[in-house]
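Below: one structure, written as C-alpha cells.
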Amino acid sequence: MRWSQFYLHTTREVPADAEVTSHQLMLRSGMIRKAAAGIYSYLPYGLRALNKLTAIVRREIDAAGSSELTMPAVAPAELWEESGRWEQYGKELLRIQDRHGRDFVFGPTHEEVVTDIVRNDVRSYRQLPVSLYQIQTKFRDEIRPRFGLMRGREFIMKDAYTFHADEASLDEAYRGMHDAYCRIFEACGLDYTVVEADTGAIGGSSSHEFMVLADTGEDEVVRCAGCGYGANTEKAETGSLPAPPAANADQGPDAEAQDVATPGLATIPEVASFLGIEPSQMIKTLIYTSEEETPIVVLIRGDRTINEIKLAHALGVRFPVLADDATVKRITGAPVGFAGPVGLAEGVRVIADHSVKGMVGAVTGANQGDTHRVGVTPGRDFEPTAYADVLLAAAGDPCPRCEGTLELFRGIEVGHIFKLGTKYSEAMGCTFLDAEGKSHPMLMGCYGLGIGRTVAAAIEQNNDESGVIWPLPLAPFEVLVIALNPQDEAVVAAAEEIYQGLAEAGVEALFDDRKGRPGVKFNDADLIGVPLRVVVGKKGLAEGNIEVSRRQDREKHMIAQQGAVEHIRGMLEATTTA
RNA sequence: CGGGGCGUAGCUCAGCCUGGUAGAGCGCACGGUUCGGGACCGUGAGGCCGGAGGUUCGAAUCCUCUCGCCCCGACCA
C-alpha cells in the first residue's frame, strides 16, 4: 500500500478528549474517529489491526471446533421476552421499533437468537455438542462509555455459544475455549491473567475472565503468586483474617460491654482515634435495603469494605443499596453513625461477615445517638442471623487456597467465558431427547472476546513516548518502507523496488512515498508503530546500502540494497518465531 | 443519575472576569530557499464563537434554557 493513496492521517496534537494512552494513540495514528460518545468509525489503519486480530480469532476458534455464523444485530423483542431479559436487562439494552411499532433490540449479546436457532435444528443427544460463533457489532447503551474502544457503546465482539447433553461435554468445550483464548492473547503479545469472575447479568454457574494487566484497567483482580489463584475482586475469596486484639483488653478477657460517650463521632476513623484503638478493632454496622427485602443489618470488621456483589448473592437479591438516613433511624433507633448489632429490634436479619466471627471485645455503635459500645463479643453479646462472606478482598489478604498472600492488580477484561447451565435453554424450550427418549434442556456455555478492546489493550501495553509499538501479529503492516528523499529519483526508484519486492513476496508493506521532509516521516513512522522500518536515503544509497530498524528497540543497521527483500523477510521470520 | 470540567478555524488553544469590527501556533494552498528526526521566509484561504431566548445602542464576553463532549462516582460482557 502506498501512503499517498492510503487514507491515513496522523495528528501531532493530542486530541483534547482523550486521556488514556491507547485512546490518544488510536486517534493520533488515524485508526479511529469518534462519531458520538462511545461510538467510533474504524478508519483504514485501525481496521487493518482489527482484521489481524479477527483472523487470529477465527483461526483459533475454528480450531476449537466452532462454526462461524452471523446472527442479526437487530432481534425481535419476543425472543427477549421469552428469556425474561426484555424485563431484566434494563436500560443498557437498546430498544427500537420498526414502522409498524413492533419492538426490537439491538443485540448486546446473542444467547436468545442462537438458542432459537439451535432449538429448531437439534433434537437428539446424537446431534450434540454444538458450537457456534460470530464476530459482530454489538450495542450496549452503557451508562458511561469511556477510554475510546475500551468501553464503547457500539463495539465488535466475538461471541461463541455451545450446547451440550451433559456436564462433561460442557466442561470439555469450556476448557477448549479457555485454551483457545490463551493462544489468542499470547499471539497478541499481551500480558494477561485468567481469573475467576462473577457471572453478572448473563447468569450461569461458573465463569472466568481474561484480564490484561494495565493501570488504566477498569477492573480490579487479586492474584496469589504462591498457587496462582486469581479472581476479580467482585468475586474474590480470602483466607480467614487473623482476629484483632480486644479493644478493652486492659479490663480483662471477660470484661462486660459498656457504653461510652462519643459525641459527634459518627465515623470509624473518628471513633477509633478518639478511643485510641485501630479501626480493625471495631465492627462496622451497615443497613442495606433492596427491592426484594426489608432492611437488613450487615456487619463487617471496621477497617474493611463490603463487597456488594457478594452481599447480593448472600441475600439472594439483585441490587442491595445502603439505606437512607430515615430507614437507619427506624431500624436502629439512632442517627447514622451509631448503629450496632446489640439491642436491635426483634426480627431484624443480621448478616455478619466472617471477619467479625473471631472478634473479641470489639467497639460498635450503641444504637443510641453519640454513644458507642466497648467490649462487644459476637456470640456472647449478640448472635447474627447468619455468617456469610461479604468481604471485599484487599491487597495483603491471605490466599483462600494456600498459605500465600493476595496481590491486587488492575486489569482490562478482554475475554469472559461462562458456563450458563440451562438458564436460557429452559426458558426458551431448547431441549433434546436422550438415549431413553427423555427430554432435557441443553446445557450451554457462552464465550465473549472484545475485538476492539483487545486491540486497544495491546496498544495500552505496547507503546512508548513516540507512539505505538505493534506486536507483529496485530500490526496493520509488517514493514514500512520510507523513501527519505522523494525529490531524488534514485531514492524513489530504489524504495519502489524494495516495496514491490516485498509485496511480491507476500509481505504486508506500507510505502511512505509522500512528498515530505525526513523528520515528519520518522515521527509518523514512530507514531504508527509498524514493526520493521526500512529507510531508503540518498546517503546510504550512494554506498549501495539501506537502513533497517525495529520499532521495538530502534536499533538501526545498514544492509546491502542487493538482497534487501530477502534480508527483511528473514528479520520478520525471526520476529515471528522469537 | 450525582459531582466536576469543557464547547471559539481541520487540530491544540488564547480572548470572556472588566461588553465596543474574532486571534495565535500547527495544519492546508501558492511562491521561494531548504531536505537523515515534526525547517525557514513571504502570500493566502478558512469561524453563525455548540444552539435558542433574553439584557443592552452594541454580546464570543452578562443572564436563562437547551444540546453535545470529557473526567470522577454509582453501575456494567
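In what follows, every chain begins at residue 1, and chains take the letters A, B, ... in the order their sequences are listed.
- In summary, the aromatic rings of A:F210 and A:H208 are positioned with their centroids too far apart to meet the 6.0 Å limit.
- Ring pair A:F6/A:F477 is perpendicular by interplanar angle, where above 60° counts as perpendicular and below 30° as parallel.
- A:Y181 has its ring centre no less than 6.0 Å from the ring centre of A:Y192.
- Whole-Å rounding puts the A:L484 CG to B:G38 C1' distance at 13 Å.
- Atom pair A:M558:CE and B:G36:P shows a separation of 13 Å (rounding to whole Å applied).
- The NE2-P distance, from A:H416 to B:C76, rounds to 13 Å in whole Å.
- When heavy atoms are screened at a 4.0 angstrom cut-off, A:G516 is found touching no nucleic acid atom at all.
- B:G46 makes up no base pair with any nucleotide shown, lacking Watson-Crick or G-U wobble contacts both under 3.5 Å.
- Side-chain atoms of A:Q134 and A:D159 form a donor-acceptor pair, as typed in the model, at a separation below 3.5 Å.
- The base of B:G37 sits with one of its N or O atoms less than 3.5 Å from a complementary donor or acceptor on the side chain of A:D526.
- If you check every strand for non-hydrogen atoms under 4.0 Å, A:E234 touches nothing.
- With a 3.5 Å ceiling on both atom-pair distances, the Watson-Crick or G-U wobble partner of B:G73 is B:C1.
- At a cut-off of 3.5 angstrom, the base of B:U12 holds no donor-acceptor pair with the side chain of A:R12.
- Contacts of A:D17 with the nucleic acid, taken as non-hydrogen atoms under 4.0 Å apart, involve only primed sugar atoms and P, OP1 or OP2.
- Distances shown here put every side-chain N or O of A:R146 at or beyond 4.0 Å from the OP1 or OP2 atom of B:C69.
- Taking a pair to require two hydrogen-bonding distances under 3.5 Å in either a Watson-Crick or a G-U wobble arrangement, B:C13 pairs with B:G23.
- The base of B:C71 does not come close enough to the side chain of A:R144 for any donor and acceptor atom to sit less than 3.5 Å apart.
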